[in-house]
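A short write-up of the structure that comes next.
Just so you know, these numbers use all the heavy atoms, side chains as well, and skip hydrogens, waters and symmetry mates. Order of appearance sets the numbers: ligands from 1, and atoms from 1 within every ligand. Not measured: the values here are computed from a predicted model.
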Amino acid sequence: MQTYGKVFSGVYNTMWAGFAERLGPLVHRFYASTLVGRENEHILDLCCGTGHLAVYLLRQGYRVVGLDLSEHMLRYARENAASYVNSGQGLFLQDDATRFSLDERFGLVVSTFDSLNHLEDMQALRHCFERVHAVCDGYFVFDLNTRGGLLRSNNVHIDDSDREFFLVNRGVFDTQTDTALSRISGFVRTGDEYYERFEETIRSTAFELRVFVIATVAGRDAPDREGKR
Ligand SMILES: C[S@@+](CC[C@H](N)C(=O)[O-])C[C@H]1O[C@@H](n2cnc3c(N)ncnc32)[C@H](O)[C@@H]1O
């Protein structure tokens, strides 16, 4: 289970919003082109993080529920979408993508920026699909990093390009467990002369594509990692 901490969530909110913002128009264009998209304006943003995709979709007039495990990420999401939260068009809930249940039904469920890689194994992924299946009347659109992509994070990256942050990202990929660990540490400016230190370890699972495709198609009856049901 992956929860993003307080300081790291602030870094994420400032540094990594761009991905979700670039994705917004693509998701909107896709969903608006579908039959269910013309009839059902309810969207669930699973693992919504700081809510940047949710805000884009709220601006297009959709009702959006964002769900995330991290209270700190959710605090930014609620701030970023404050006017929509106040009007009731947007709602952000703390819950686990593998266990949640909601009374509301959605025409579209989205999960972006490798969020599902945070699930620890195939069983957790299957539980997540079951939960999505239980609330979704249309499409589940998600992205996933591949083993090849995660292998590329097997290095050290230093980012000192911005006066507000200093980041060191140490990535290790364990081929035995198909798991990538990124240890991101650094400093964030909190005042004129002050920086606060933070450290976050992010775990990502590389799901085998063949099994994953079966799981995606099969939904509720997906096999586990060894192919057993
Ligand atoms: C890489 S961020 C992506 C955030 C957002 N979707 C975006 O595109 O910017 C991954 C998010 O997944 C959340 N997360 C990880 N495991 C989760 C789980 N089991 N249930 C719900 N949220 C989870 C983290 O708290 C984090 O906000």
Side-chain angles (χ1 to χ4, degrees), residues 1-28 30-31 43-59 62 64-81 90-102 106 108-136 140-146 149-150 152-153 157 167 169 171 179-184 198-207:
M1 208 179 282
Q2 181 82 58
T3 54
Y4 284 27
K6 186 175 169 202
V7 183
F8 183 71
S9 295
V11 175
Y12 191 102
N13 188 48
T14 311
M15 286 196 67
W16 290 300
F19 184 79
E21 284 168 352
R22 283 197 300 279
L23 224 51
L26 300 178
V27 172
H28 174 47
F30 161 73
Y31 190 50
I43 297 179
L44 173 63
D45 186 354
L46 197 60
C47 308
C48 63
T50 48
H52 288 89
L53 177 60
V55 168
Y56 178 86
L57 295 169
L58 285 161
R59 270 197 222 117
Y62 293 108
V64 181
V65 175
L67 185 147
D68 201 280
L69 205 50
S70 163
E71 60 175 291
H72 305 293
M73 295 293 267
L74 284 168
R75 187 168 65 77
Y76 285 102
R78 290 186 186 113
E79 257 174 47
N80 293 333
L91 176 69
F92 292 91
L93 302 170
Q94 185 177 22
D95 213 332
D96 188 328
T98 64
R99 292 161 196 252
F100 72 95
S101 63
L102 296 166
F106 304 90
L108 176 68
V109 181
V110 282
S111 188
T112 57
F113 215 171
D114 309 338
S115 297
L116 297 187
N117 286 100
H118 291 336
L119 302 182
E120 48 270 34
D121 54 24
M122 199 63 202
Q123 195 184 21
L125 191 63
R126 183 168 46 189
H127 287 153
C128 174
F129 285 160
E130 285 171 1
R131 296 292 87 224
V132 170
H133 187 268
V135 297
C136 186
F140 182 22
V141 173
F142 56 88
D143 61 19
L144 259 188
N145 207 343
T146 60
L150 290 171
R152 278 199 293 279
S153 64
H157 177 74
L167 300 181
N169 186 352
T179 300
L181 284 181
S182 288
R183 186 142 170 250
I184 306 175
F198 71 91
E199 195 167 299
E200 190 81 31
T201 301
I202 306 220
R203 184 187 176 286
S204 301
T205 309
F207 293 105

So is Leu46 touching ligand 1 or not, going by heavy atoms under 4.0 Å? no
Of the backbone atoms (N, CA, C, O) and the side-chain heavy atoms from C-beta on, which set of Cys48 has a member under 4.0 Å from an atom of ligand 1: side chain, backbone, both, or neither? backbone
Backbone N or O of Phe113 within a donor-acceptor pair of the Asp143 side chain at under 3.5 Å? yes
Report the relative orientation of the aromatic rings in Phe8 and Trp16; use parallel for angles under 30°, tilted for 30 to 60°, perpendicular for over 60°. tilted
Distance under 4.0 Å to a non-hydrogen atom of Phe113: what atoms of ligand 1 satisfy this? 1 (C), 3 (C), 7 (C), 8 (O), 9 (O)
Option nearest atom 27 (O) of ligand 1 (shortest heavy-atom distance, choices Thr112, Leu74, Asn145, Asp68): Asp68
Any idea which atoms of ligand 1 are less than 4.0 Å away from a heavy-atom of Asp95? 20 (N), 21 (C)
Enumerate the atoms of ligand 1 whose separation from the nearest heavy atom of Met73 is less than 4.0 angstrom. 27 (O)
One finds that the ligand 1 atoms under 4.0 Å from a non-hydrogen atom of Leu119 are 19 (N)
Can you find a pair of side-chain heavy atoms, one from Arg75 and one from Ser9, that are under 4.5 Å apart? no
Parallel, tilted or perpendicular: which one describes the rings of Phe129 and Phe140, with boundaries at 30° and 60°? perpendicular
Side-chain (Thr14) to main-chain (Gly10) donor-acceptor, under 3.5 angstrom: yes
Can you classify the ring geometry of His28 versus Tyr56 as parallel (below 30°), tilted (30 to 60°) or perpendicular (above 60°)? perpendicular
Leu93 and Asp68: side chain to side chain contact (heavy atoms under 4.5 Å, CB included), yes or no, with the steps? CA-CA 7 Å; Leu93 302 170; Asp68 201 280; over 6 Å; no
Any heavy atom of Tyr4 sitting closer than 4.0 Å to ligand 1? yes
With heavy atoms and a 4.0 Å threshold, my read on which part of Tyr12 contacts ligand 1 is side chain
Just so I know, are the side chains of Tyr4 and Tyr76 near enough to count as touching, which here means a heavy-atom distance under 4.5 Å? no
Quick note on ligand 1: atoms under 4.0 Å from a heavy atom of Ser70 include exactly 25 (O)
Can any side-chain N or O of Ser111 pair as donor or acceptor with the backbone N or O of Leu46 at less than 3.5 Å? yes
Any atoms of ligand 1 less than 4.0 Å from a non-hydrogen atom of Ala97? List them with their elements. 18 (C), 19 (N), 20 (N), 21 (C)
Show which atoms of ligand 1 fall inside a sub-4.0 Å distance from at least one heavy-atom site of Gly49. 4 (C), 27 (O)
Checking heavy-atom distances from atom 23 (C) of ligand 1 to each of Gly18, Ser204, Cys47, the winner is Cys47
If you compare Asn13, Leu69, Asp143, Thr98 by their heavy atoms, the one closest to atom 18 (C) of ligand 1 turns out to be Leu69
Could you walk me through whether Glu120 and Arg203 pass the salt bridge (charged side-chain N to carboxylate O under 4.0 Å, His left out) check? CA-CA 8 Å; Glu120 48 270 34; Arg203 184 187 176 286; 5.6 Å; no
Distance under 4.0 Å to a non-hydrogen atom of Asp96: what atoms of ligand 1 satisfy this? 18 (C), 19 (N), 20 (N)
